[in-house]
Amino acid sequence: MSRETPRRARQLRANEREHLAARYLAIRSVRAVAKEFEVSRTTAARILTEHGIDASRKMTEAQITIAVKLYEQRLSSAAIGKRLGFDNHTILKALRGCGVAIRPAVGRRRKVHTGAVT
């Protein structure tokens, strides 16, 4: 078996780093910018910090209250995230923090076995 040599992390030039920062300000998603520039989320966040951009966005109490109400109305965490401008994982974390029971993800629901032999 041959072992692949580990890939070296992608190094962005100064103009690419500035473009990454500008792109983040346009779309406000570290995950999307990291994917677009083919760097890790931590690298993208570090570049943003170096450019004086605080990419850590926390939900306000009002936003959390809205998220809880929408989730109780059966909206998905992804739909709530789109509506409020957050990643679905941020929404789920806030909901869990409020003690909300999280539904199984669509397509991942458990199959109910009837015990019938086919």
Side-chain angles (χ1 to χ4, degrees):
M1 281 190 193
S2 65
R3 294 178 102 185
E4 289 185 33
T5 24
R7 268 183 38 184
R8 187 168 176 207
R10 177 159 153 49
Q11 301 294 312
L12 297 180
R13 295 183 181 99
N15 66 329
E16 291 175 307
R17 295 163 78 86
E18 289 175 21
H19 188 228
L20 182 146
R23 182 72 176 133
Y24 171 78
L25 291 174
I27 64 173
R28 295 287 180 181
S29 171
V30 175
R31 184 172 292 178
V33 168
K35 186 175 182 179
E36 185 175 322
F37 285 82
E38 298 177 352
V39 295
S40 70
R41 283 186 294 148
T42 43
T43 298
R46 188 181 80 252
I47 291 169
L48 294 172
T49 300
E50 290 168 0
H51 280 80
I53 299 169
D54 181 11
S56 62
R57 296 180 49 233
K58 298 189 188 305
M59 294 179 72
T60 65
E61 289 300 319
Q63 290 170 322
I64 293 170
T65 301
I66 292 167
V68 169
K69 288 179 182 175
L70 293 172
Y71 197 74
E72 288 171 349
Q73 293 172 12
R74 309 295 293 168
L75 267 71
S76 69
S77 60
I80 297 167
K82 279 187 178 185
R83 191 175 285 193
L84 298 178
F86 290 95
D87 185 83
N88 71 309
H89 297 288
T90 303
I91 300 296
L92 289 171
K93 182 178 178 182
L95 294 172
R96 286 185 186 106
C98 292
V100 175
I102 305 302
R103 299 184 300 267
V106 174
R108 295 184 186 183
R109 297 187 189 268
R110 296 181 198 159
K111 293 182 180 178
V112 178
H113 296 284
T114 60
V117 179
T118 55

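- Looking at heavy atoms from C-beta onward, Ile47 lies out of side-chain contact with Val33 at the 4.5 angstrom threshold.
- Shown here for Ala32 and Ser29, the closest heavy-atom pair between the two residues is N-OG, 3.1 Å.
- Here the CG atom belonging to Leu95 is positioned 9.0 Å from the CZ atom belonging to Arg103, to the nearest 0.5 angstrom.
- Nearest approach of Ala21 to Leu48, heavy atoms of both residues: CA-CD2, 3.7 Å.
- Within the 4.5 Å cutoff, side-chain heavy atoms of Ile91 are placed close to those of Met59.
- Using a 4.5 Å cut-off on side-chain heavy atoms (C-beta onward), Arg17 and Gln11 make no contact.
- Counting only residues at least two apart or in different chains, side-chain hydrogen bond (donor to acceptor under 3.5 Å, both in side chains) contacts with residues 61-71 comprise Thr60-Gln63.
- Taking hydrophobic clusters as Ile, Leu, Val, Met, Phe, Trp and Tyr residues chained together by side-chain heavy-atom distances below 4.5 Å, Ile53 shares a cluster with Val39.
- The shortest side-chain heavy-atom distance between Gln73 and Leu70 falls under the 4.5 Å cut-off.
- The two atoms that bring Ile64 and Ala94 nearest to each other are CG1-CB, 4.0 Å, heavy atoms only.
- Once rounded to the nearest 0.5 Å, the distance linking CG of Leu20 with CG of Leu12 reads 6.5 Å.
- Of all heavy-atom pairs spanning Ala44 and Ala34, the tightest one is CB-CB, 3.9 Å.
- In this structure, Lys58 NZ and Asp54 CG are separated by 8.5 Å, a value rounded to the nearest 0.5 Å.
- Evaluation of the salt bridge (charged side-chain N to carboxylate O under 4.0 Å, His left out) rule for Glu16 yields Arg10 as partners, not counting sequence neighbours.
- Contact detail for Ala55 and Val30: the closest heavy-atom pair is CB-CG2, 3.6 Å.
- Summarising the local packing, CZ of Arg83 is surrounded by 12 or fewer heavy atoms from other residues, nucleotides or ligands at distances under 6.0 Å.
- Contact of the His19 side chain with the Phe37 side chain is registered, since non-hydrogen atoms from C-beta on lie closer than 4.5 Å.
- Not a single donor-acceptor pair under 3.5 Å links the side chain of Thr90 to the backbone N or O of Phe86.
- Separating the CZ atom in Arg96 from the CD1 atom in Ile102 is a distance of 5.0 Å, to the nearest 0.5 Å.
- To the nearest 0.5 Å, the span separating NZ on Lys82 from CG on Leu75 amounts to 12.0 Å.
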